Student: 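Please find one structure pasted underneath; my questions will follow.
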There are 4 protein chains.
Amino acid sequence: MSSELAGIFTPTLVPLDDRGEINEQELARFLNWLIEKGVHGLYPNGSTGEFTRFTAEERRRIVRITCEVARGRVPVLAGAAEANIKETLAACEAYAGFGARAVALVSPFYYRLGPEALYAYFAEIARNSPIDITLYNIPMFASPIDVPTIRRLAEFPRVIGIKDSSGDVAFMMRMIAAVRPIRPDFVFLTGWEAVLVPMLVAGCTGGTNASSNAVPELIRRMYDLTRAGQIEEAMKIQYRVLELFDTMLYPFEFPDGFRAAAEMRGFRMGRGRQPLSAAQQADRTALQRVLRCILSDFGLVEPPPEGCAPRTTITSQDKIAQVVYEVLNELEKRGVLWNKP
Amino acid sequence: MSSELAGIFTPTLVPLDDRGEINEQELARFLNWLIEKGVHGLYPNGSTGEFTRFTAEERRRIVRITCEVARGRVPVLAGAAEANIKETLAACEAYAGFGARAVALVSPFYYRLGPEALYAYFAEIARNSPIDITLYNIPMFASPIDVPTIRRLAEFPRVIGIKDSSGDVAFMMRMIAAVRPIRPDFVFLTGWEAVLVPMLVAGCTGGTNASSNAVPELIRRMYDLTRAGQIEEAMKIQYRVLELFDTMLYPFEFPDGFRAAAEMRGFRMGRGRQPLSAAQQADRTALQRVLRCILSDFGLVEPPPEGCAPRTTITSQDKIAQVVYEVLNELEKRGVLWNKP
Amino acid sequence: MSSELAGIFTPTLVPLDDRGEINEQELARFLNWLIEKGVHGLYPNGSTGEFTRFTAEERRRIVRITCEVARGRVPVLAGAAEANIKETLAACEAYAGFGARAVALVSPFYYRLGPEALYAYFAEIARNSPIDITLYNIPMFASPIDVPTIRRLAEFPRVIGIKDSSGDVAFMMRMIAAVRPIRPDFVFLTGWEAVLVPMLVAGCTGGTNASSNAVPELIRRMYDLTRAGQIEEAMKIQYRVLELFDTMLYPFEFPDGFRAAAEMRGFRMGRGRQPLSAAQQADRTALQRVLRCILSDFGLVEPPPEGCAPRTTITSQDKIAQVVYEVLNELEKRGVLWNKP
Amino acid sequence: MSSELAGIFTPTLVPLDDRGEINEQELARFLNWLIEKGVHGLYPNGSTGEFTRFTAEERRRIVRITCEVARGRVPVLAGAAEANIKETLAACEAYAGFGARAVALVSPFYYRLGPEALYAYFAEIARNSPIDITLYNIPMFASPIDVPTIRRLAEFPRVIGIKDSSGDVAFMMRMIAAVRPIRPDFVFLTGWEAVLVPMLVAGCTGGTNASSNAVPELIRRMYDLTRAGQIEEAMKIQYRVLELFDTMLYPFEFPDGFRAAAEMRGFRMGRGRQPLSAAQQADRTALQRVLRCILSDFGLVEPPPEGCAPRTTITSQDKIAQVVYEVLNELEKRGVLWNKP
C-alpha cells in the first residue's frame with residue numbers, strides 16, 4: 001500500500017568530515033533529529049543528498065545507514081539511479097535488502113532522452129525490480145518525463161508514484177488527471193516546497209522537500225494545517241517558507257544554502273564536495289546572518305545579537321515606501337502632481 | 001479604489017466579418033452575453049484580443065465599443081500599448097475619455113528589455129498617464145518583468161496592479177510578498193486559468209482568463225466557490241477547466257482554439273487574421289467535436305449526436321488499463337511474473 | 001535578378017530630433033555617408049531601425065526618404081511587416097512605388113507561430129505582393145522559421161531570399177543545402193556580423209549588419225577580402241569587428257550601442273524612443289570612451305586624449321598574465337610546484 | 001608541447017557484446033582501424049563514448065586498452081571526469097600511468113554550476129593533476145563555461161586547451177581572442193563537425209568529432225584541405241558531412257546513430273546500454289538504408305542493391321520543384337499569374 005509514501009519526506013543532506021568523507025556518526029544524529037521533528041520519511045541519495053558526487057559504494061553506505069537509523073519508525077525512499085540499468089537493478093536489490101520501502105529513480109541525465117527512450121528505460125527496470133519504484137522528474141537537471149509517458153509507466157505495478165520538482169502546479173494536475181483514474185493510490189510528491197500548499201490543494205500527496213533539512217517542524221506543520229483544511233494558516237507559513245527557500249536556493253550553488261541552514265540547526269555538515277571560491281565562502285558568512293534572522297522569526301534559533309528587522313510585520317523600509325506612496329497619492333489627488341484629466 | 005478590478009475579467013475576442021473587418025454588431029452581442037453570464041469586467045486589446053493584429057485606429061474602436069456596451073455595468077480594463085510612449089499616452093487619454101476604469105500595459109515586446117529599461121519605460125508612462133495602470137507580464141511573448149522592478153513601479157500611485165500570465169504560483173507569491181506591504185490594495189490578476197484556484201488560494205485577486213470567452217459561467221463559479229472557501233468543489237471545476245484550456249490552447253495557434261469554442265457558444269467569430277493552412281483548418285473541425293463534448297459535460301451545449309465518452313467518471317480506456325494493472329499486480333503477487341526477491 | 005541583393009546592406013538607424021521625431025535631414029546626410037563609404041545597399045525598417053517603435057505612417061516616410069536618397073545608386077531592401085497581411089500588402093505596394101528593390105518580411109512576432117501558420121502567412125503575401133520578398137528569420141525576437149518551411153516558400157517566384165540573424169553557421173548551411181538546388185540565385189544574408197567571414201566562406205551571399213552603421217568601410221573591406229580569397233586578412237578584421245560588435249551589443253539595450261557608435265562618426269542620432277534609466281545613461285558615457293578606442297584602432301576616429309591600450313598587440317595585462325604563466329610553468333618543470341608524477 | 005593535440009581526435013565509441021559488456025577485442029580492432037584511416041588522436045570516455053553509462057572501473061579499462069592499442073602511434077586524450085575531485089584526480093593519475101597525453105574534463109553536470117564554482121572546481125584539479133588537462137565545454141549537457149572563466153583557467157600551466165561542443169563560431173572566436181594573447185599554444189578543439197571548416201578558418205586547432213567514428217577518412221581529408229588553403233574543396237565535403245551528421249544525430253538518441261554508422265563500416269557495436277523502444281529499433285533499420293546511401297556517395301561502402309538518388313547533383317524531386325518554379329516564374333512574367341504592378 002503506497003499510502004506510506006504520503007506526507008513529508010526529507011531528501012537528506014550528507015554531513016562530511018574534514019577529509020571530505022561521510023561523517024557517519026553525524027549523519028545518524030541528523031537523521032534521528034529529523035525523525036524526532038516529525039518528517040514522515042527519509043529520502044537518501046536525492047539531488048539534495050548530492051548523489052552524483054558520491055561513489056556507487058558510498059551511495060550504498062548512505063542508504064544502509066539511513067535504513068538502520070530509521071529502524072521502521074519511518075519509511076525510507078532510496079535514490080537508486082546508477083550508471084546503467086544493470087547497476088541500477090543491483091542497487092534496487094541491495095536497498096530492498098536494507099529494508100527500504102521503495103526506490104526513487106531520476107530520469108537519465110547528461111544525455112537528454114526523448115519519451116520513447118525514457119519509457120524503454122523505466123519499463124525495463126520496472127519489469128525487473130524487486131522493490132517498488134517512484135519516478136523522479138526534475139527537468140532542470142535531467143531528461144523531462146512527459147505526462148503520456150508517466151501514464152504508460154503507471155501501468156506497471158512496481159511503479160507506485162512520481163516525485164516532481166518542476167514546481168509547475170498545472171503539470172502536477174495534468175499528471176494526476178492522467179494517472180489517478182487507473183491508479184487511485186498513485187503517489188504524487190512535489191519537490192518544490194515554494195508552493196507546497198497550492199500543490200496539496202491541487203491534489204498532490206506530499207512532498208520531498210530540501211527545506212525540511214533546515215526546518216522539518218515547519219514543513220510538517222504546513223502539511224498538517226493544509227490537510228486539516230486550515231488553508232489560510234498554512235499559507236502564512238508558506239509565505240515564510242518561500243522566503244527561506246529562496247534565500248537558501250538562489251544565492252548559492254545548490255544545495256550549499258541548505259547545508260548552511262542545517263549547520264545553524266546544530267549539525268556539522270562540513271565543507272561540501274564541490275569546492276567554493278573565496279567569494280562564495282564570504283557570501284556564506286553573510287547569508288548565515290540572514291538565515292539566522294529568518295529561523296529566529298520562526299522561533300527555531302536565537303535571534304542574532306544585533307537583532308533582526310521585524311519581518312512578521314512590515315519592515316521599516318516598506319514603511320517609508322508606503323509613506324512616500326501615500327504622500328504622492330495625496331498630492332496627486334490635489335492636482336499638485338503630473339497631468340490628470 | 002482598485003477593488004473594482006477584483007474577480008474575473010474576460011480578455012475579449014474580436015469577431016470578424018467575411019472581409020476580415022471588425023464585426024461590431026456581433027462584438028456588442030458577445031460582450032453583452034459575457035456580462036450576462038457574470039464576468040466581473042471586460043478587458044479588450046489583450047493577447048486573446050489579438051491587439052497586435054489590429055491597427056492603432058482599430059484598437060481604439062474596439063475599446064470605444066466595449067465601453068459603450070459596458071455602460072458602467074462592469075469596469076473596462078483596456079489594453080493600451082502602442083508603438084512608443086507618446087502613442088501609448090495618447091491611447092491612455094482616449095480610453096480615459098471613453099470611460100475605461102484602467103489600462104493594461106504589456107511590457108515592451110520584440111526587443112527583450114532588461115529591468116532598468118523596463119523601469120524607465122513604465123515610470124515615464126506612470127508619471128504622465130491620466131488613467132490608472134496595471135502592468136502586464138507575459139514572459140512567453142514579451143520582456144519579463146522581475147519582482148524588484150514591479151516593487152519599484154508599485155511606488156507610483158497610478159500603477160494599481162499587475163496581470164501575470166506566467167502561470168508560476170511561486171512567482172505570484174513573490175510579487176505579492178514584495179508589493180502588499182507597501183500597497184495593501186494592489187491588484188494581482190492571473191492570466192493562467194489552468195491554476196486559477198491555487199492562485200486564488202495563494203492570495204491573488206482575480207483573473208483575466210481567455211477561457212472565460214468560452215465558459216464565463218464556469219470561470220465565475222470556480223471563482224465564487226474559492227472565495228466561499230469551498231476549495232474542494234472549486235478544484236473539481238478546476239480540473240475540467242484545465243482540460244478545456246489545454247484543448248483550446250495546445251493544438252492551435254493562439255487564440256484560435258478559443259475562437260472555435262466561442263463559436264460553439266453561438267457567436268460568429270469569423271476567420272482570424274492569421275491565415276490557417278489546410279491542415280490547420282481540418283484540425284479545427286476535429287477539435288470542435290472534442291470541445292463540444294467537454295462543453296456538454298458542463299451542460300453548456302448539447303452533446304454531439306454520436307455521444308461522448310463519460311468523462312465525469314473513468315473512461316472505458318482507463319477501465320481497461322485499470323484491469324490490466326490489477327491482473328498484472330495479482331499475477332505478480334502470486335509470483336507468476338518477473339523476478340521478485 | 002536577385003544578385004543586386006548580394007553584399008553588405010546596412011539596416012539603417014533612424015536619427016531623431018529633440019522632440020523624438022524623425023530628423024529627416026540628418027537621416028538623409030547619414031544615408032549619403034553610408035553610400036559613400038561603400039555599402040552595397042540600404043535596409044530601412046529593420047530591427048536596427050527600430051521599426052516597431054514607429055507608427056505605420058512613420059515607417060512609410062522612412063522608406064520614402066531612403067529611396068529618394070538612394071536614387072538608384074544602391075538598391076533599397078525595405079522592411080514591410082505591418083499589423084496584418086492586408087496592411088503588409090499595402091506597404092509592399094507603397095514601397096514598390098517608391099522604387100524599393102525588394103521588401104524584407106520578419107516572421108510574425110509576439111505570438112510564436114508554428115511552421116504551418118508561418119507558411120500560410122508568407123504564402124498569402126507571396127501570392128499577392130507586387131514586389132520581391134526576402135524572408136527575415138530572427139529567432140531571438142520573432143517566430144523561428146525552420147528549413148523545410150523556407151524550402152517550401154522558395155517555390156514562390158516572389159520569394160527571392162532570406163535574411164537570417166540566428167548567427168548559426170550550420171543553420172545557414174542547412175538553408176543553402178535545401179534551397180540552392182531549386183533556386184540557384186536565392187539570396188542568403190546573415191544579420192550576425194560576429195561571424196560574417198565564416199558565413200561567407202560557408203556560402204552565404206552577404207550581410208545586413210548593424211555594425212555597418214558604425215564602420216561601413218570595415219564591413220565592406222572584410223567582405224571584399226573574403227570574396228578575393230584573402231581569408232586570413234579578412235579574419236584579422238573579423239576579430240576586431242567581433243570585439244566592436246560585442247561592445248555595442250551586450251552592455252546596452254539594442255540598438256542603443258550602435259546609435260552611440262554612429263554618433264561618434266559624426267551623426268546626431270538623438271535620444272532613442274525607448275527611455276534610458278540614469279544608470280544606463282552613465283554607462284553610455286563610459287562606453288563611448290571604449291568605442292572611441294576601438295574605432296581609433298581602425299583609424300576611423302582620433303584616439304582619446306588619454307590614449308588607448310595598444311590592442312593590436314598583446315595588452316599589458318595580458319603580458320603580466322603571460323609572465324605569470326611562464327614563471328609557474330618553469331617552476332613546475334623544476335619540480336618546485338605541486339605534485340607531479 | 002600541446003601541438004600534439006592539433007588535428008582530428010576521435011571520441012571513440014565502445015563496442016559491446018551480447019551481454020552488454022565491453023567487447024575488448026572489437027574495441028581494439030576498431031581503434032586500429034581509426035588510426036589506419038588517419039585520425040590524429042584517440043579520445044576515449046567522451047560523450048560519444050557514453051562515459052556516464054560505464055562504471056568507474058570500466059572507464060579505466062577503456063582508457064587502458066586505448067593506450068595499449070595506440071602504442072604511441074597517436075596521442076590519447078582521455079576523459080577523466082569522475083564523481084568528485086578526489087576520484088577525478090585518481091583517474092588522472094591512472095591515465096598518466098597508462099601513457100595518455102592529456103585528460104579531458106567535462107564541466108560538472110546534473111547540477112548547473114556558476115562561474116565561481118566552475119573556477120574553483122577546475123582550479124583545484126589543475127593545481128594537483130599529474131597530467132595536462134583540456135577543459136570540455138558542452139552546454140547542452142553540462143554546466144556552460146564562460147569566456148572569462150576559461151581565460152582565468154588558462155593561467156594554469158596544466159590547462160593546455162579546451163574542447164567546445166557549442167557549435168557557436170562566435171563563441172570559439174571569443175575564447176581564442178581571450179586566451180591566445182597569454183597562451184599562444186593553447187589548443188582549441190571543436191566538437192561540432194557540422195561547421196568544422198568554418199571553425200578552422202576562424203582559428204581553431206582541430207576537432208574531436210563523433211562523425212570520425214563513421215567516416216574518419218573524410219573528416220581527415222576535410223581537415224587537410226582546409227589547412228592547405230583549399231577552402232572551396234573542403235566546403236564541398238563539409239556540406240556532405242553536415243548531411244551525414246544531421247542524419248546520425250537528430251532522428252536518434254545520441255550516440256545511437258553514430259553506432260549504427262560504425263556498424264556499417266564493419267564493426268560489431270552491439271546494442272547500446274540505453275534500451276531502445278520497438279519504434280526506435282524500426283527507425284534504425286530505416287536509417288541504415290539512408291546512411292548507406294550517404295556513405296556510398298563518399299565511396300566508403302557499396303551502394304544498396306536498390307540504388308540511391310544521385311545526391312552529388314540535384315535530386316529528381318529538386319528538379320521537379322525547379323521546373324515548377326520556372327514555369328510559375330514565366331507565367332508570372334507574362335502577367336498570367338497574380339497581381340503585379
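Only heavy atoms go into these numbers, but all of them, side chains included; no hydrogens, no water, no symmetry mates. Lettering of chains follows the sequences in order, A, B, ..., and the numbering in each one begins at 1. The model shown is predicted, which means the values in this text are computed figures rather than measured ones.
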Student: Taking only residues two or more places apart in sequence or in another chain, which ones pass salt bridge (charged side-chain N to carboxylate O under 4.0 Å, His left out) with C:D256?
Tutor: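 For C:D256 the salt bridge (charged side-chain N to carboxylate O under 4.0 Å, His left out) partners, ignoring immediate neighbours, are C:R284.
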Student: So, taking the atom named CD in B:Q274 and the one named CD1 in C:I85, what distance separates them when rounded to the nearest 0.5 Å?
Tutor: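 If I round to the nearest 0.5 Å, the distance is 6.5 Å.
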Student: With sequence neighbours left out, write down each residue that passes side-chain hydrogen bond (donor to acceptor under 3.5 Å, both in side chains) with B:R64, or none if nothing qualifies.
Tutor: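 Counting only residues at least two positions away or on another chain, B:R64 forms a side-chain hydrogen bond (donor to acceptor under 3.5 Å, both in side chains) with B:E68.
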Student: Show the nearest heavy-atom pair for residues B:A83 and C:F54, with the distance to one decimal.
Tutor: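 So the two residues come closest at CB-O, 3.6 Å.
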Student: Quick test of your reading of the model: are B:E21 and C:K86 salt-bridged, counting only N-O distances below 4.0 Å?
Tutor: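 Salt bridge: yes.
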Student: Specify which of C:P255, C:G20, C:P275 makes the most heavy-atom pairs with chain B at under 4.5 Å.
Tutor: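 Greatest number of close heavy-atom pairs with chain B: C:P275.
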Student: Got B:E87 and C:T55 here, is their nearest side-chain heavy-atom distance under 4.5 Å?
Tutor: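 A side-chain contact under 4.5 Å exists here.
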Student: Decide yes or no for C:F109 and B:T52: does some side-chain heavy atom of the first lie under 4.5 Å from some side-chain heavy atom of the second?
Tutor: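 A side-chain contact under 4.5 Å is absent here.
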Student: Decide whether a cation-pi geometry holds between C:R53 and B:Y111; the criteria are a distance under 6.0 Å from NZ or CZ to the six-membered ring centre and an angle within 45° of the ring axis.
Tutor: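 Ring-cation test returns yes.
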Student: Write out, in numerical order, the residues from residues 136-143 of chain B with a heavy atom short of 4.5 Å from a heavy atom in chain C.
Tutor: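 The residues closer than 4.5 Å to chain C, in numerical order, are B:Y136, B:I138, B:F141, B:A142.
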Student: With only heavy atoms counted, which part of B:E50 is less than 4.5 Å from chain C, the side chain, the backbone, both or neither?
Tutor: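 Both parts, heavy atoms under 4.5 Å.
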Student: At under 4.5 Å between heavy atoms, what parts of residues 112-122 of chain C are in contact with chain B? List them by residue number.
Tutor: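 C:R112, C:L113, C:G114, C:E116, C:A117, C:A120, C:Y121 fall under the 4.5 Å cut-off.
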